[in-house]
Peer 1: 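Before I ask anything, let me first share the structure, which is written out below as structure tokens.
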Amino acid sequence: MNSTYYGRLIFELSKEGRRGCSLPDTGVKGDYAPLPDNLLRTKTPALPRVDEPTLVRHYHNMSANNFGVDSGFYPLGSCTMKYNPKINEEVAALEGFTAVHPLQPDYASQGSLEAYYTLCRALAEIGGMSEFTLNPFAGAHGELTGLMVIRAYHQSRGDDKRRVVIVPDSAHGTNPASAAVAGLKVVEVKSRPDGTLDVEALRPLLNDEVAAVMMTNPNTLGIFETDIPEIAKAVHEAGALMYYDGANLNPLLGVARPGDMGFDVMHINLHKTFSTPHGGGGPGSGPVGVRKGLEQFLPNPRVVRNADGTFSLTDTDTALGSVSATLGNFAVQLKALAYILTLGASGLMEAGSLATLNANYIKESLKDKYLLPIEGVCKHEFVFDGLADKSTGVTTLNIAKRLLDYGYHAPTIYFPLLFHESLMIEPTETESKETLDQFIDTMCTIADEAASDPDMVKAAPHTTPVRRPDDTQAALTPKVTYSDLIADADA
Ligand SMILES: *Cc1c(COP(=O)(O)O)cnc(C)c1O
């Protein structure tokens, strides 16, 4: 990165009269103006005027400031940042898919409908569910949809007073948020010291106002919940349903199925478990699956296979309504389908086991230098509670920032909320042993630096273009344009 260039935004490089691009001829002749007068510009837009190399460097350097799975190791716990195979992109870019219009008649979009249907069947097999909808746009949107299915189920039985959703204290923040958006009340249940859910802690909370219990397995600590069948029995006896947050499905692929454990409704994050690219809030896809007997509540529209082998879009009036325009994030669905078909059943089974092996390898290699609050075998991810040696005052935030200097994306920090210094590491299955070893070496180096030069670690990062933004303000009031920045500097 050219630092003299970097400090200067393209607006500051602007020189009157320079030009770095030429626009194609629009073909519009004369003074024909297709827009009404009140929509036409009255002033020249304040765009930077630069030569072509400056323009190219601007975009090139911006792209290089963006960290992704293709730039380096990205052990962001809970997010499953696995490699995105490029063949998925090729499949999703096929013209037969990209040129289809959402309102095209069924007979003219059979290939797309078949792709949707095939992915639904594959997910039903993987999840042990009866039927899936691919319409929700993200995991959180899937949670909302799934909870709406659960409400529709209770309402169909005239059981309208069930408005409580029970979530463990280790739950991802989207669980209680989705319940609230669905108009339900959240009750938290405490985990055992090992992070798993205690059926005895749950029993007293179960009554005729409970709509559902939401769980993820393995839980957010990467620990496999062994008591699900017993929990499901207690929940079902109380008349409530079991919701599976499928964000952690990766290690279970082809090994265990939520439907067989006793879950009634689940979502899957295609952008996590099924390798489609994500970051910065999208693009996602959160298909929702239901067990037998709940299919009629899934949102409209649905894709059905007719007796003659053709496919149709249908709406049913038992459905909870619709949750998205047409069929959701179709390009993301195609990438996930390509991934599933490329790996096949045996490849998917291997993915989960390798992800688990990689996580345990890092955990065991680092547990002398980092505090491991829960011993034993984890699944695809695990959580350290900061450095083992707390005397230096170096925090999880400092370690995360120092990792940036070494060219890594930081792990997830301060989540789950069960520990003060959570550092949540998920390597995924797609990293080589050499990459894992390098990361382990770097984590050891940082632990040593924390002991020998704590102030340097506390001042990290030292090499990134932006050093320590205010995380909260960056999310709440982001400065996304040059004039935002100028306004800020002038204030
Ligand atoms: C990522 C995640 C979610 C939310 O999924 P999005 O696709 O980000 O909306 C829910 N639960 C867990 C455990 C997650 O890791």
Side-chain angles (χ1 to χ4, degrees), residues 69 74-82 84 123 127 133-148 165-182 186 188 191 195-197 212-225 228 242-253 258 263 265-289 323-324 328-329 332-333 335-336 355 359 378-383 409 411-418 422-428 475:
V69 178
Y74 205 133
L76 190 68
S78 212
C79 293
T80 313
M81 305 304 287
K82 60 170 81 177
N84 319 125
L123 297 181
T133 173
L134 311 182
N135 299 6
F137 286 114
H141 193 197
E143 292 168 24
L144 174 62
T145 305
L147 291 170
M148 286 163 71
V165 174
I166 299 177
V167 298
D169 56 1
S170 63
H172 193 269
T174 52
N175 293 182
S178 304
V181 174
V186 179
E188 199 176 84
S191 306
T196 59
L197 190 65
V213 174
M214 286 181 101
M215 292 182 71
T216 182
N217 191 22
N219 61 30
T220 58
L221 296 162
I223 306 291
F224 188 76
E225 299 271 1
I228 300 283
M242 290 282 287
Y243 184 91
Y244 180 78
D245 173 343
N248 292 344
L249 185 66
N250 202 37
L252 302 192
L253 283 179
F263 287 101
V265 181
M266 69 180 289
H267 80 260
I268 291 177
N269 306 58
L270 295 186
H271 45 290
K272 294 180 180 173
T273 309
F274 295 104
S275 86
T276 68
H278 62 296
S285 178
V288 169
V323 297
S324 61
N329 245 341
V332 177
Q333 298 161 16
K335 292 174 198 182
C378 65
K379 290 291 168 198
H380 61 309
E381 63 192 0
F382 64 93
V383 181
H409 194 285
T412 293
I413 58 173
Y414 300 107
F415 174 80
L417 308 175
L418 300 176
S422 287
L423 187 70
M424 186 185 200
I425 296 174
E426 177 181 11
T428 82

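We count ligands from 1, going down the list as the structure has it; atoms in each ligand are counted the same way.
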Peer 1: Would you check if the side chain of Thr276 reaches a backbone N or O of Ala336 as a donor-acceptor pair within less than 3.5 Å?
Peer 2: no
Peer 1: I'd like to check which ligand 1 atoms, numbered from 1 as shown, lie under 4.0 Å from a non-hydrogen atom of Ser78.
Peer 2: 13 (C), 14 (C), 15 (O)
Peer 1: Counting non-hydrogen protein atoms only, what is the nearest one to atom 6 (P) of ligand 1? Give residue, atom name and distance.
Peer 2: Gly139 N, 3.5 Å
Peer 1: Give a yes/no verdict on whether any heavy atom in Asp245 is under 4.0 Å from an atom of ligand 1.
Peer 2: yes
Peer 1: Within ligand 1, which atoms have a heavy atom of Lys272 less than 4.0 Å away?
Peer 2: 1 (C), 2 (C), 3 (C), 5 (O), 14 (C), 15 (O)
Peer 1: Can you tell me the protein heavy atom closest to atom 5 (O) of ligand 1 and the distance?
Peer 2: Asn269 ND2, 3.0 Å
Peer 1: Who's the nearest protein heavy-atom neighbour of atom 9 (O) of ligand 1, and how far?
Peer 2: Ala140 N, 2.8 Å
Peer 1: With a 4.0 Å heavy-atom cut-off (strictly under), which part of Thr174 contacts ligand 1: side chain, backbone, both or neither?
Peer 2: side chain
Peer 1: Applying a strict 4.0 Å limit to heavy atoms, is Glu143 in contact with ligand 1?
Peer 2: yes
Peer 1: Are side-chain N/O atoms of Asn84 and Lys335 paired as donor and acceptor at under 3.5 Å?
Peer 2: no
Peer 1: Among Asn175, Val167, Val265, whose side-chain contact (heavy atoms from CB on, under 4.5 Å) with Tyr243 holds?
Peer 2: Val265
Peer 1: For ligand 1, note which part of His271 has a heavy atom under 4.0 Å away: side chain, backbone, both or neither.
Peer 2: side chain
Peer 1: Answer with side chain, backbone, both or neither: which part of His278 has a heavy atom less than 4.0 angstrom from an atom of ligand 1?
Peer 2: neither
Peer 1: Given side chains that start at C-beta, do those of Leu144 and Pro136 come closer than 4.5 Å, heavy atoms only?
Peer 2: no
Peer 1: Could you list which atoms of ligand 1 come closer than 4.0 Å to a heavy atom of Ala138?
Peer 2: 7 (O), 9 (O)
Peer 1: Is there side-chain contact between Asn269 and Thr80, with at least one heavy-atom pair below 4.5 Å?
Peer 2: no
Peer 1: At what distance, to the nearest 0.5 angstrom, does CE of Met148 lie from CD of Glu143?
Peer 2: 13.5 Å
Peer 1: What atoms of ligand 1 come within less than 4.0 Å of a heavy atom belonging to Ala247?
Peer 2: 2 (C), 11 (N), 12 (C), 13 (C), 14 (C), 15 (O)
Peer 1: Return the minimal non-hydrogen interatomic distance between Val332 and Ser285, and the atom names on each side.
Peer 2: CG1-CB, 3.6 Å
Peer 1: Does Gly77 offer a backbone N or O that forms a donor-acceptor pair with the side chain of Thr412 under 3.5 Å?
Peer 2: yes
